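Keep in mind it's a predicted model, so treat the numbers as computed, not measured. To find a chain, count down the sequence lines: A is the first, B the second, and so on, and within it residues start at 1.
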Amino acid sequence: DQQVKQNSPSLSVQEGRISILNCDYTNSMFDYFLWYKKYPAEGPTFLISISSIKDKNEDGRFTVFLNKSAKHLSLHIVPSQPGDSAVYFCAATPSTGANNLFFGTGTRLTVIP
Amino acid sequence: DAGVIQSPRHEVTEMGQEVTLRCKPISGHDYLFWYRQTMMRGLELLIYFNNNVPIDDSGMPEDRFSAKMPNASFSTLKIQPSEPRDSAVYFCASIRTLGTDTQYFGPGTRLTVL
């Protein structure tokens with residue numbers, strides 16, 4: 001049973017606009033959340049993370065928002081660039097850090113020039 | 001650093017054959033993870049090792065799957081016998097320590113079982 005869900009398999013956005021990728025989780029024990037980005041024929045690479053004690057974490061063009069009561073997190077990319085086109089995986093873990101990760105199925109983002 | 005190395009990058013085999021996937025973690029990383037990626041389930045953790053010892057293999061789907069880590073720089077994931085439903089991309093990842101680090105993934109092995 002998927003404990004981390006990404007209900008949108010794909011998303012298309014115009015260059016320069018905001019991309020919003022969503023993720024829901026079911027396990028209230030999850031304490032740490034991460035986003036990974038994956039290009040074709042490569043492994044996922046870490047993008048940004050957030051601890052459950054925060055509701056927002058920002059790193060340049062990337063911001064992750066966490067709504068614990070709704071068990072929902074989102075990744076905002078502003079402004080979107082063609083190089084952001086990739087598959088984005090949401091992940092969660094009940095422990096602090098990157099072990100024992102539960103991943104979603106991914107959202108394919110296409111940024112149109 | 002060369003990053004996590006996986007081989008082969010692609011494997012095509014026939015049902016019933018044995019398949020062995022290989023992984024070399026980043027030097028100095030104490031934890032190694034094996035994942036399987038499918039369209040339906042995304043990335044699933046199969047097993048992970050700490051200092052070459054298997055810690056959690058609850059994700060291994062069946063007895064047909066086995067994993068070993070004979071030393072700090074090498075791990076294998078074996079499927080015997082393979083079945084068409086095993087077709088997926090298999091990733092290996094490593095981290096130095098728990099608690100603060102992010103996982104570093106290899107490029108994956110795309111397995112096709114005919």
Segment of [X] engaging chain A (4.5 angstrom heavy-atom cut-off):
X: B/E44; result: neither
X: B/L43; result: both
X: B/R110; result: neither

Point to revise | A/Q2, part contacting chain B, at a heavy-atom distance under 4.5 Å | key: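 The side chain, not the backbone.
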Review point. Is any side-chain heavy atom of A/I77 less than 4.5 Å from a side-chain heavy atom of A/Y88?
Key: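 A side-chain contact exists here, since the closest heavy-atom pair is under 4.5 Å.
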Practice item. Evaluate the side-chain proximity of A/L75 to A/L47: yes if any heavy-atom separation is below 4.5 Å, no if none is. Key: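 Of all side-chain heavy-atom pairs linking A/L75 with A/L47, at least one is under 4.5 Å.
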**Study point:** B/Q103 vs B/Y35, side-chain hydrogen bond (donor to acceptor under 3.5 Å, both in side chains): CA-CA, chis, key distance, verdict
**Key:** CA-CA 12 Å; B/Q103 293 189 17; B/Y35 288 90; 2.8 Å; yes
Check your understanding: What class does the angle between the rings of A/F33 and A/F30 fall in, given that below 30° is parallel, 30 to 60° is tilted and above 60° is perpendicular?
Key ->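 Perpendicular, since the angle between the ring planes exceeds 60°.
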Review point. Should the ring pair A/F89 and A/F103 be called parallel, tilted or perpendicular, given that the plane angle runs from 0 to 90° and is split at 30 and 60?
Key: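 The rings of A/F89 and A/F103 stand perpendicular, inter-plane angle above 60°.
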Practice item. Would you mind telling me which of A/G104, A/G43, A/P9 has the largest number of heavy-atom pairs within less than 4.5 Å of chain B? Key: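 Heavy-atom pairs under 4.5 Å are most numerous for A/G43.
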Check your understanding: Between B/Q6, B/M39, B/Q37, B/M40, which residue shows the highest count of heavy-atom pairs closer than 4.5 Å to chain A?
Key ->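 The answer is B/Q37.
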